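Down below is the structure, laid out as structure tokens.
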Amino acid sequence: MQNNEKEYNGNLFDQLSILERLERGARAEKAEAVIKEIEFERRQIERKLYQKSPLSDN
């Protein structure tokens, strides 16, 4: 469990970085199904990253 919002956001950015590396390989292999899944996962992470979190309400 993350201690604070900064740590939580850092973990989300790390996940986005991993997806970018995976996407690079998927594009090199022209793996469209994998690319679509990566895009879906990216949207899910970005939704968490850019929502107003309850931690910032305090």
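Every value quoted in this text rests on a predicted model; they were computed, and no experiment measured them. Values reported hereafter were calculated over all heavy atoms of this structure, with side chains retained and with hydrogens, waters and symmetry mates removed.
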- Query: If you round to the nearest 0.5 Å, how far is CD1 of I18 from CZ of R42?
  - Reply: 12.5 Å

- What's the spacing between L12 CG and E46 CD if we round to 0.5 Å? 10.5 Å

- With the side chain counted from C-beta on, respond yes when K30 and I35 share a heavy-atom pair under 4.5 Å apart, and no when they do not. no

- Query: So do the side chains of E7 and N4 get within less than 4.5 Å of each other, counting heavy atoms only?
  - Reply: yes

- Minimal heavy-atom distance between R47 and Q44, with the atoms involved, is NH1-OE1, 3.2 Å

- Message: Test side-chain contact (heavy atoms from CB on, under 4.5 Å) on N9 and L49; report intermediate values, then the result.
- Response: CA-CA 6 Å; N9 288 344; L49 185 60; 3.6 Å; yes

- Note on the structure: Nearest heavy-atom approach of I38 to L19 is CG2-O, 3.9 Å

- Of all residues at least two apart in sequence or in a different chain, which pass the salt bridge (Lys or Arg N to Asp or Glu O under 4.0 Å) check with R27? E23, E39

- Cluster link Y50 to Y8, ILVMFWY, side chain under 4.5 Å: yes

